[in-house]
Amino acid sequence: MSVQVRTRFAPSPTGYMHIGNLRTALYAYLIARAMNGKFILRIEDTDQERLVEGSVEVIYNTLKLVGLEHDEGPDIGGPFGPYIQSQRKDVYKEWAEKLIAAGGAYYCFCSKEKLESLRKEAEGKDAVFKYQDPCRELDPAEAQKRAVTGEPCVVRQKIPRGGSTTFNDMVYGSVTVENDTLEDGILLKSDGLPTYNFANVVDDHLMQISHVIRGSEYLSSAPKYNLIYQALGWVIPAYIHLPLIMKAAGKKLSKREGDASFEDFYHQGYLNEAIVNYIALLGWNPKDDREIFSLDELKKIFNISGLNNSPAIFDPDKLKWMNGEYIRKLAPEQFKQLAMPYYQKAIKRTDIDLLKLSKLVQLRTEVLSDIPGIVDFIDTLPEYDVSLYVNKKMKTDPAISLESLKLALVVLGNLEIWKHETIHDALFGLIETQGLKTGQMLWPVRTALSGKESSPGGAIDLAEVLGKEETLGRITAGIELLSKPS
RNA sequence: GUCCCCAUCGACUAGCGGUUAGGUCACCACUCUUUCAAGGUGGCGGCACGGGUUCGAAUCCCGUUGGGGACGCCA
């Protein structure tokens, strides 16, 4: 039996693309691709109150940015459309009526206010409100009559009394729940739109979704959905529930708690490839020791058996490391392109060879937003203390440094051609003739040029990038600083 | 409160009855080196606890503890 594998990503347009959501999308996509199936995008906008304008675009943009191309969806259509739930109202109504006819649901005429007050009352008793709906016992024919005449009502699921429901999950195995712990949840709201509980079942069936992939927060309600499938005589899809991604300290990863959306990371200077790679490994592993995977590679090797079932904590440190790996792999020109906006923030001078600079900065960048801090000395020499010239390992102190700088100033001043090689030869010539330790010359020069404890490159690199004039100026400034009586 | 799920280094994880419990991040040391990075080498560090089952348990079962989730006219 070879049924077409079809997976879907079904986000609600309620804001930004959460990292956990993205990972769900990634896995759904990878499972589809690995099994030669289709990946469908469906927008679950049945809660009109939570809609956030522009969030559908965020979803499209994010998926596009990270390369998760869908085969069917609102924007590109497909044989099972519409793919936006708010446009499928009639479909849900039709199936709700069929479900009622099949004995799997009933009309409920209880008011929202009544339920709310009952719920509030229960809260005080340290127990959770479980509603015994009198409408469940209504005569179906009469109930239907009332509904048809326009009396406000909802449709509730009719959970069988007694017994238990078991379902199988490809990650969690077999899960059994006593029916009596389940509630007669609302399937169709009074505004005629379905709740998730109903819409996802109807759409997954109608859109022929073979593998339902979603976060494990749905694990405990999955039996309810199965009851609907059964009542309607539908084939139950394969379930793949995913462990949740948490923040440190056992807190759920959320927008409130910090930077948990894809956009945030993206704007901070994380590369989308690195983000995808990192989250792919949060809850899945390839069974070997490799960790760096492109999306194309993942498409080939992703398999459900590598899925993990315990919650994972999102580790920003490891993401950072991985991002650094991706940055280092970039071609220098590519890096320069990506770094450009950050250079523009920190460097106003126009005489800097940014490609040369990039070669120095690239190795030292983990996140693109590090860049301004790395190159902040380029435009203007920071004020620094004489103590920077003291370095035990380099065997330098202010006195030696002063001598070295004076010598360097002359030799470099005489240089006709200003490039790495000539600067190198000039300085090393000096080191040899003066019998200096390498560091005794190079450390003072590097310090004078950067005014910083550490810099993206050594003395020669910095001199080359800064240019002759600026180099001589900064060395002169260093000499002045060191000549001042302390 | 009720129900469901989970449990290997600080973090991500490999392990699926017999391993010196492996890898990666982080951390530390050393090394390379004209700083810092990057690279190389090494180190630190773990099977939550208690019972079983078994010749033998990280691995199987039960309980405890801890963590997470669900219990909305949210998804």
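All values below come from the heavy atoms of this structure, side chains included, with hydrogens, waters and symmetry mates left out. Residue numbering restarts at 1 for every chain, and letters A, B, ... go by the order of the sequence lines.
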From the set B:G72, B:C4, B:U13, return the single nucleotide nearest to any side-chain atom of A:Ser220.
B:C4
Using atom P in both nucleotides, what's the gap between B:U35 and B:U19 to the nearest angstrom?
47 Å
I'd like to know if A:Ser190 reaches the base of B:C73 with its side chain, counting only an N/O donor and acceptor under 3.5 Å.
yes
Would you call A:Glu291 and A:Lys318 a salt bridge, using N to O less than 4.0 angstrom?
yes
Identify, between A:Leu219 and A:Trp284, the residue whose nearest nucleotide on RNA chain B lies closer to the 5' end.
A:Leu219
Answer with yes or no whether A:Arg364 presents, from its side chain, a donor or acceptor under 3.5 Å of a partner atom in the base of B:U35.
yes
Residue A:Ile313, side-chain heavy atoms: nucleotide from B:A11, B:C4, B:A75 that is nearest
B:A11
Select one nucleotide: of B:C73, B:G22, B:A14, the one nearest the side-chain heavy atoms of A:Asp289.
B:G22
Give the nucleotide from the list B:U24, B:A75, B:U35 with an atom nearest to the side chain of A:Met394.
B:U35
Output yes when A:Asp204 and A:Arg42 qualify as a salt bridge under the 4.0 Å nitrogen-oxygen rule, no when they do not.
yes
Taking the six-membered ring for Trp, are A:Tyr270 and A:Phe262 ring centroids under 6.0 Å apart?
no
Is the shortest distance from a Lys or Arg side-chain nitrogen in A:Glu97 or A:Lys93 to a carboxylate oxygen in the other one below 4.0 Å?
yes
Gap in Å between the two C1' atoms, one belonging to B:G69 and one to B:A75, rounded
14 Å
For the side chain of A:Asp315, starting at C-beta, report the closest nucleotide among B:C36, B:A11, B:A7.
B:A11
For B:U2, what is the paired nucleotide under Watson-Crick or G-U wobble rules, both distances under 3.5 Å?
B:A70
Should B:U35 form a Watson-Crick or G-U wobble pair with both distances under 3.5 Å, which nucleotide is its partner?
none
Between B:C27 and B:A11, how many Å separate the two P atoms, rounded to a whole number?
16 Å
Let's see if you can work this out: which of B:A14, B:A38, B:A7 has an atom nearest to the side-chain heavy atoms of A:Arg328?
B:A38
Given the P atoms of B:U64 and B:G23, what is the spacing between them in whole Å?
37 Å
Among the nucleotides B:G68, B:C5, B:U34, whichever has the atom closest to the side chain of A:Met246 is B:G68
Listing request: all side chain to side chain donor-acceptor pair (under 3.5 Å) pairs with a residue in residues 445-458 of chain A, at least two apart in sequence or in separate chains.
A:Asp376-A:Lys452, A:Trp443-A:Thr447, A:Arg446-A:Ser450, A:Arg446-A:Ser455
State whether the distance check finds a donor on one side and an acceptor on the other, under 3.5 Å, for side chain A:Lys393 versus base B:U35.
no
Quick one: label A:Ser454 by what it contacts on the DNA or RNA (base, sugar-phosphate, nothing), any heavy atom closer than 4.0 Å.
base
Under 4.0 Å, counting only non-hydrogen atoms across every strand here, what does A:Gly324 touch: a base, just sugar-phosphate, or nothing?
nothing
Nearest to side-chain heavy atoms of A:Trp321, which nucleotide of B:C25, B:A7, B:A75:
B:C25
Quick one: does A:Tyr218 reach the base of B:A75 with a side-chain donor-acceptor pair under 3.5 Å?
yes
Span that lies between the P atom of B:A21 and that of B:C44, in whole angstrom
14 Å
Of the listed nucleotides B:C4, B:A75, B:C73, the one nearest the side chain of A:Val154:
B:C73
Which distance, rounded to the nearest 0.5 Å, do you find between the CG of A:Asp203 and the CH2 of A:Trp95?
12.0 Å
Whole angstrom is fine here: how far is it from CG in A:Leu244 over to P in B:G68?
11 Å
